[in-house]
Structure formats: C-alpha cells, structure tokens
Protein chains: 2
Amino acid sequence: MIETDVFAAGRQHFSVECPSRLLFDQIADKWSMMVLTVLDPGPMRFNGIKRQLEGVTQKALTDCLRRLERNGLVSRRVIPVSPIGVEYEITPLGRTLQVPFKALYRWTLEALPQVEAARAAFDARREEAVR
Amino acid sequence: MIETDVFAAGRQHFSVECPSRLLFDQIADKWSMMVLTVLDPGPMRFNGIKRQLEGVTQKALTDCLRRLERNGLVSRRVIPVSPIGVEYEITPLGRTLQVPFKALYRWTLEALPQVEAARAAFDARREEAVR
DNA sequence: CCGTATCCGATCCGATACTG
DNA sequence: CAGTATCGGATCGGATACGG
C-alpha cells in the first residue's frame with residue numbers, strides 16, 4: 001500500500017518523501033495563497049499585486065511569484081513598454097488549486113473562534129501549571 | 001468590504017493580519033497534516049505516531065503536537081502507567097479540518113505530474129537563458 | 001515512555017541598495 | 001516598473017544529552 005491510499009481505511013505510514021510534501025511545501029508559504037486569490041479576477045502587474053498585499057516586500061513577492069511560475073501555477077508575460085511592464089496571470093492549473101484553497105480559507109474563518117477559545121484555555125492551563 | 005469577502009467578486013486587499021494567516025501559519029507546517037492523518041483512525045500514543053512519521057525527530061513531533069493541542073485540533077491524555085503513557089486523539093474540531101486537508105492532499109497528487117512538467121520546462125528555459 | 005534543554009547549522013524573510 | 005544582490009536577524013529543524 002502506498003501513500004496514495006493514505007485516506008483510505010487503515011493506519012498509514014508516512015515517509016519524509018511523502019508525495020504530498022513535494023508540492024505542499026511550495027504552496028503553503030506565507031504569500032502564495034493570497035497571490036492566487038489576488039490574481040483570481042484577472043491578470044495583474046507586479047506592483048499591482050504588491051499593492052494588494054500589504055506588508056509584502058519586493059523580495060518576498062518576487063520569490064513567491066517565481067516559485068508559483070516554476071510550478072506552473074501562474075504565468076509571467078513581459079509587456080514591451082517603457083518602462084517595462086510584467087503581467088502575471090493565474091494558469092488553468094493554478095485555478096484548480098484555488099478550489100481546495102478556498103475550502104481551506106473558509107475553514108480558517110469558520111474555525112477561528114473555536115481555535116482562539118482553545119488557545120486561551122491552553123494558555124490558562126499553562127499559567128495554572130506554573131503556580 | 002473586509003477580507004471575509006475575499007472570495008466574493010472583485011479585487012481584494014490583503015493586510016499582513018489577514019485572518020486566514022492567523023491559522024494557516026499554524027497548520028501549514030511540515031508535519032501537522034500528516035499527524036492529523038495518522039490520528040484519523042483513532043487515538044495513538046506518542047511513539048506510535050512517531051513510528052508512522054518516518055524522519056520526524058522527537059523535538060519536531062513534540063512541537064507539532066503541542067501546537068495542534070494548543071489550537072484545539074488534538075487532545076492529549078496522560079495514561080498513568082509505568083512508564084508513563086500519553087495518548088493523542090483528534091478532536092471534533094480537528095476532524096473538520098481534515099475535510100479541506102484531504103481535498104488539498106488529493107490536489108497535490110493529481111497536480112504533481114503537471115507541476116513536475118512545468119518545473120522541467122521552467123528550468124530548461126533558465127538553462128537556455130544562461131547560454 | 002515521554003518529554004525538556006541546549007546547541008547549531010540551514011533557511012526564511014525583511015531592509016537596503018543598486019540596475020536596465 | 002520590475003527586478004537583482006547582499007546582509008543580518010529571526011526562526012526552524014535536526015542532533016544530542018539528560019530527566020521524571
């Protein structure tokens with residue numbers, strides 16, 4: 001039984017090279033999910049994206065876009081104007097990722113209150129343990 | 001319009017404190033997804049989990065379980081035997097997370113071939129550019 | 001068995017400066 | 001406008017040792 005069947009019945013064994021990790025590492029970073037969301041309505045230029053993502057640095061965004069491009073989730077198109085323009089667009093493959101991403105995003109919104117309550121309870125228990 | 005509506009129509013603005021990131025950071029780490037999967041069939045003890053996760057260190061697993069516990073996604077129960085035993089179990093809240101996680105996991109499996117092709121193409125383009 | 005503590009190298013990320 | 005280059009702090013994760 002290989003890891004593809006991991007969600008079938010039975011207890012599974014995960015190796016470090018679990019196939020899910022090969023991709024999960026690349027998209028579970030700080031900005032990827034938001035970049036894809038920003039690009040959802042249509043193509044956008046570098047600084048346009050940057051303006052939507054408050055707090056992102058140029059380096060972080062460049063790295064993120066480069067990684068998304070390498071993985072085939074966004075495409076990059078140079079517009080030969082002066083000064084130069086670069087437009088990023090979500091690919092069909094990137095759009096397929098949005099489906100599970102949106103599900104996860106909705107989960108975070110729905111679960112947040114419960115998680116915050118759990119955190120408060122946990123931290124309170126730790127406080128208690130110190131005394 | 002706040003970020004809750006981010007998947008509705010229109011271009012959105014993301015601040016650093018996007019509510020999704022408050023949680024996403026915590027669960028998008030190296031082992032959380034696999035830990036929840038391993039715990040899916042039922043409760044398990046520390047070293048039992050560790051044995052399923054080939055390559056995880058004690059520290060990494062402890063940190064991961066602690067974080068999952070703090071966020072209310074798993075529960076921890078000390079079994080007063082000698083030597084001591086500790087059992088981890090997925091919580092009802094944790095189970096709700098499995099739904100989007102499984103969707104994402106399936107996506108990684110389905111998309112992997114296309115992503116690998118995209119990577120190869122990207123890397124080939126870079127090679128080309130060097131020459 | 002189940003941790004915690006410590007060190008330590010790798011890596012991420014932001015800040016800054018510079019370029020076509 | 002859209003990068004690249006570089007530096008340094010913070011954080012992550014592995015290895016190891018030790019304790020209840």
Side-chain angles (χ1 to χ4, degrees), chain A residues 14-18 21-22 24-35 38-39 43-70 74-89 122 125-126 129-130, chain B residues 14-18 21-22 24-35 38-39 43-70 74-89 122 125-126 129-130:
Chain A
F14 281 91
S15 78
V16 200
E17 300 86 9
C18 171
R21 294 212 46 76
L22 269 51
F24 193 66
D25 284 343
Q26 303 272 314
I27 57 176
D29 66 287
K30 198 168 177 181
W31 300 105
S32 287
M33 193 165 144
M34 292 189 237
V35 167
V38 165
L39 290 180
M44 198 172 216
R45 287 170 57 160
F46 185 86
N47 279 336
I49 303 170
K50 191 169 182 301
R51 272 188 295 272
Q52 305 301 315
L53 268 46
E54 192 185 313
V56 74
T57 61
Q58 195 166 32
K59 180 178 182 293
L61 184 55
T62 303
D63 291 351
C64 180
L65 285 168
R66 213 56 83 237
R67 185 169 44 248
L68 287 172
E69 185 196 0
R70 176 166 188 265
V74 305
S75 60
R76 179 177 180 276
R77 201 185 112 240
V78 176
I79 309 165
V81 293
S82 180
I84 208 167
V86 179
E87 196 175 71
Y88 290 91
E89 183 174 12
F122 181 90
R125 261 179 277 140
R126 302 284 293 189
V130 172
Chain B
F14 280 91
S15 77
V16 200
E17 301 85 9
C18 170
R21 294 212 45 77
L22 269 51
F24 194 66
D25 285 344
Q26 303 272 315
I27 56 176
D29 65 288
K30 196 168 177 180
W31 300 105
S32 288
M33 192 165 145
M34 293 190 234
V35 167
V38 165
L39 290 180
M44 199 173 216
R45 288 171 57 163
F46 186 86
N47 279 337
I49 303 170
K50 191 169 182 301
R51 272 187 295 272
Q52 305 302 314
L53 269 47
E54 192 184 311
V56 74
T57 62
Q58 196 165 32
K59 180 177 180 291
L61 184 55
T62 303
D63 291 351
C64 179
L65 284 168
R66 212 56 83 237
R67 184 170 44 249
L68 288 171
E69 185 195 0
R70 178 166 186 265
V74 305
S75 60
R76 180 177 180 273
R77 200 183 114 240
V78 176
I79 308 165
V81 293
S82 180
I84 208 167
V86 179
E87 195 175 73
Y88 291 90
E89 183 174 10
F122 181 90
R125 261 179 278 140
R126 301 285 292 190
V130 172

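In what follows, chains are A, B, ... by sequence order, proteins preceding strands, each numbered from 1.
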Next on the checklist: Does a side-chain N or O of A:Tyr88 approach OP1 or OP2 of D:dG3 to a distance below 4.0 Å, or not?
Outcome noted: yes
Item to check | Length of the line joining B:Asp29:CG and C:dT11:P, which is rounded to integer Å | outcome: 18 Å
Checklist outcome for this item: Picking from C:dG14, C:dT4, C:dC2, the nucleotide nearest the side-chain atoms of B:Arg66 would be C:dT4
Checklist entry - Rounded to whole angstroms, how far apart are CG on B:Leu65 and C1' on C:dC1? => result 14 Å
Next on the checklist: For a quick test of reading the model: is some side-chain N or O of A:Arg76 closer than 4.0 Å to OP1 or OP2 of D:dA2?
Outcome noted: no
Checklist entry - Is any side-chain heavy atom of A:Leu65 less than 4.5 Å from a side-chain heavy atom of A:Ile49? => result yes
Checklist entry - If only side-chain N and O atoms of A:Lys30 are considered, is one of them under 4.0 Å from the OP1 or OP2 phosphate oxygen of C:dG14? => result yes
Next on the checklist: Salt bridge or not between A:Lys59 and A:Asp63? Use side-chain N to carboxylate O under 4.0 Å.
Outcome noted: yes
Item to check | Given D:dC1, C:dC2, C:dA17, the nucleotide with the shortest approach to the side chain of B:Val86 | outcome: C:dC2
Checklist entry - SG/A:Cys64 to NZ/A:Lys30 distance, rounded to the nearest 0.5 angstrom? => result 11.5 Å
Checklist outcome for this item: Out of D:dA17, D:dG20, D:dA15, minimum distance to the side chain of B:Gln58 belongs to D:dA17
Next on the checklist: Counting C-beta onward and ignoring hydrogens, is there a side-chain heavy-atom pair between A:Trp31 and A:Leu61 closer than 4.5 Å?
Outcome noted: no
Next on the checklist: What is the distance, to the nearest angstrom, from the CG atom on B:Leu53 to the C1' atom on C:dC2?
Outcome noted: 16 Å
Next on the checklist: Just the rounded figure in Å: distance from C1' of C:dG3 to CG of B:Asp63.
Outcome noted: 11 Å
Checklist entry - Of all the nucleotides listed (C:dC7, C:dG3, C:dC2), which has the minimum atom distance to the side chain of B:Thr62? => result C:dG3
Checklist entry - What's the closest nucleotide to the B:Phe46 side chain, out of C:dG3, D:dG20, C:dG14? => result C:dG3
Item to check | Shortest side-chain distance from A:Pro83, nucleotide among D:dA15, D:dT6, D:dC1 | outcome: D:dC1
Checklist entry - Over how many whole Å does the gap from A:Glu87 atom CD to D:dG3 atom C1' extend? => result 17 Å
Item to check | Nearest-nucleotide pick for B:Lys59, side chain only, options being C:dT4, C:dC1, D:dG14 | outcome: D:dG14
Next on the checklist: I'd like to check B:Ile79 versus B:Arg45 (side-chain heavy atoms, cut-off strictly below 4.5 Å). Are they in contact?
Outcome noted: yes
Checklist entry - B:Arg67 CZ to D:dG13 C1': how many Å, rounded? => result 11 Å
Checklist entry - Do any side-chain nitrogens or oxygens of A:Arg45 fall under 4.0 Å of OP1 or OP2 in D:dC1? => result no
Checklist outcome for this item: A:Trp31 atom CH2 is separated from C:dC12 atom C1', nearest whole Å, by 14 Å
Next on the checklist: Distance check needed: D:dC12 C1' versus B:Asp25 CG, whole Å only.
Outcome noted: 13 Å
